Amino acid sequence: MKKIAVAEDEAFMREELSCMLEKAGYEVLEITQFSDVAQQLTALTPDLVILDVNLPGISGFQICQELKRKTAIPVLILTSRDQMRDELQAFQLGADEYLTKPCRRERLLARVSNILKRYEGRSNLLEGQDFLLDRQTYTLYIHNSSVVLPKNQGKLLEVFLSGSGRVVSSEELSMALWGTTEFVDENALQVNLTRLKKTMANLGMRQKITAIRGVGYRLETEVGP
């Protein structure tokens, strides 16, 4: 069952949306506290977010921007603001759809269904800071462009992303590259890591691979100025 998060501060509208979506066969996750909304949504990992613009203390535009910067979760803006500049701003910030209230039930459900279908093939994507990696093709999506990584570089980056920031041992990296941990060739591993580091630098990625002496390696995000 697909999960849809609803970030709407008007209780009546939120309940109406939830009821409509549940009747259509979706699991609904309601946001009722409007501090750290993007963080809440990221933790819930919904298949889609329906987001109002006029929320207490923070604009839905800001939430959309933060969510899109960190995740691949699709966002449908549903708002009473019907100015063209608002719609254009929403799309510039990464929104996948923009609908104005009041909105017919059939139209909303059709847009929800279309967005979910578009994103079905993205279950293979791993999320990094400002980039995505397709674990099947090792295609890296970054800075509104894409590049297919050499197989070994893709395997290494996949391991680091799957590790969620923890230190990854040489044995784990060896297993990913060669399917064995019986003999870890540090020189061969270093060659592959160096190639990945060079690719990351050429792509202007904010991450770097750091060696943790005697333990392994970790993917770290460089702090900007």
Side-chain angles (χ1 to χ4, degrees), residues 1-132 141 144 161-162 164-165 221 224:
M1 182 183 292
K2 297 293 186 181
K3 297 187 298 182
I4 299 180
V6 176
E8 165 64 65
D9 64 317
E10 295 181 12
F12 177 78
M13 175 62 72
R14 186 171 64 244
E15 291 171 8
E16 189 176 29
L17 283 170
S18 297
C19 183
M20 179 194 308
L21 292 164
E22 285 171 351
K23 285 182 178 179
Y26 300 109
E27 178 184 349
V28 179
L29 311 168
E30 294 186 4
I31 299 296
T32 57
Q33 299 296 322
F34 297 96
S35 59
D36 299 322
V37 177
Q39 185 176 342
Q40 290 184 60
L41 292 170
T42 301
L44 290 171
T45 62
D47 297 291
L48 171 67
V49 172
I50 295 180
L51 178 65
D52 188 17
V53 171
N54 298 317
L55 295 175
I58 187 171
S59 164
F61 291 134
Q62 292 173 265
I63 296 169
C64 179
Q65 183 179 37
E66 186 176 348
L67 200 61
K68 285 296 187 176
R69 186 184 299 128
K70 296 179 178 179
T71 77
I73 299 171
V75 175
L76 186 157
I77 298 287
L78 182 62
T79 178
S80 57
R81 294 167 63 162
D82 61 356
Q83 297 293 318
M84 178 62 73
R85 64 175 178 271
D86 291 323
E87 184 172 351
L88 292 176
Q89 182 180 2
F91 285 125
Q92 288 168 357
L93 295 176
D96 297 88
E97 189 58 84
Y98 188 99
L99 291 174
T100 56
K101 306 172 189 174
C103 178
R104 290 180 64 88
R105 172 183 178 278
E106 295 80 6
R107 175 174 293 176
L108 176 60
L109 291 178
R111 299 297 174 85
V112 166
S113 177
N114 285 341
I115 294 173
L116 291 173
K117 286 178 182 176
R118 292 206 307 264
Y119 275 75
E120 277 181 355
R122 302 189 72 167
S123 59
N124 296 317
L125 294 181
L126 289 172
E127 299 173 19
Q129 186 71 38
D130 300 327
F131 71 89
L132 297 169
Y141 299 94
N144 297 317
L161 292 175
S162 300
S164 301
T221 299

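Note that the coordinates shown come from a computational prediction; the quantities given were computed from them, not determined experimentally.
- Counting only distance, with no hydrogens or angles, the side chain of Q62 and the backbone of S59 share a donor-acceptor pair below 3.5 Å.
- Of the inter-residue distances, the one linking Q92 atom CD with F61 atom CZ reads 10.0 Å to the nearest 0.5 angstrom.
- For the side-chain contact (heavy atoms from CB on, under 4.5 Å) with V6, the lone residue among V49, T32, L76, L21 that qualifies is L21.
- When all heavy atoms are compared, the tightest approach of L48 to V75 is CD1-N, 4.2 Å.
- Two residues are said to be in side-chain contact when any heavy atoms from C-beta on lie closer than 4.5 Å; D47 and Y26 fail this criterion.
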Test log, rule side-chain contact (heavy atoms from CB on, under 4.5 Å), inputs L78 and L51:
CA-CA 6 Å; L78 182 62; L51 178 65; over 6 Å; no

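- Formation of a donor-acceptor pair under 3.5 Å by the S113 side chain with backbone atoms of L109 is not found in this model.
- No side-chain heavy atom of L17 sits under 4.5 Å from any side-chain heavy atom of V28.
- Side-chain contact between E15 and C19 is absent, with no heavy atoms from C-beta onward closer than 4.5 Å.
- Looking at I73 and P46, their side chains come closer than 4.5 Å, going by heavy atoms from C-beta outward.
- What you find for Y119 and K68 is that their closest heavy atoms are OH-NZ, 3.2 Å.
- I31 and R14 make their closest contact through O-CD, 3.8 Å (heavy atoms, listed as atom of the first residue, atom of the second, distance).
- Listed here is the closest heavy atom pair of L55 and A7: CD2-O, 3.9 Å.
- Note that CD1 of I50 is 11.0 Å distant from CG of L29, once rounded to the nearest 0.5 Å.
- Rounding to the nearest 0.5 Å places SG of C64 at 9.5 Å from CD of Q89.
- In this structure, OG in S162 is found 5.0 Å from CG in L126, a value given to the nearest 0.5 Å.
- Look at E8 and K101 and you find a salt bridge, because one of the NZ, NE, NH1 or NH2 atoms lies within 4.0 Å of a carboxylate O, short of that distance.
- With sequence neighbours left out, R85 forms a salt bridge (Lys or Arg N to Asp or Glu O under 4.0 Å) with no residue at all.
- The environment of CD in E27 is crowded: more than 12 heavy-atom neighbours from other residues, nucleotides or ligands sit within 6.0 Å.
- Between G128 and L161, the closest heavy-atom pair is CA-CD2, 3.9 Å.
- In this structure a side-chain-to-backbone donor-acceptor pair under 3.5 Å is present from Q40 to Q33.
- A salt bridge does not link D96 to R111: none of the charged side-chain nitrogens sits closer than 4.0 Å to a carboxylate oxygen.
- To the nearest 0.5 Å, atoms CG (D52) and CZ (F34) are separated by 8.5 Å.
- How far OH of Y98 is from CZ of F91: 9.0 Å, rounded to the nearest 0.5 Å.
- Nearest heavy-atom pair across S18 and E30 is OG-OE2, 2.6 Å.
- Residues that satisfy the salt bridge (Lys or Arg N to Asp or Glu O under 4.0 Å) test with D86, not counting sequence neighbours, are R81.
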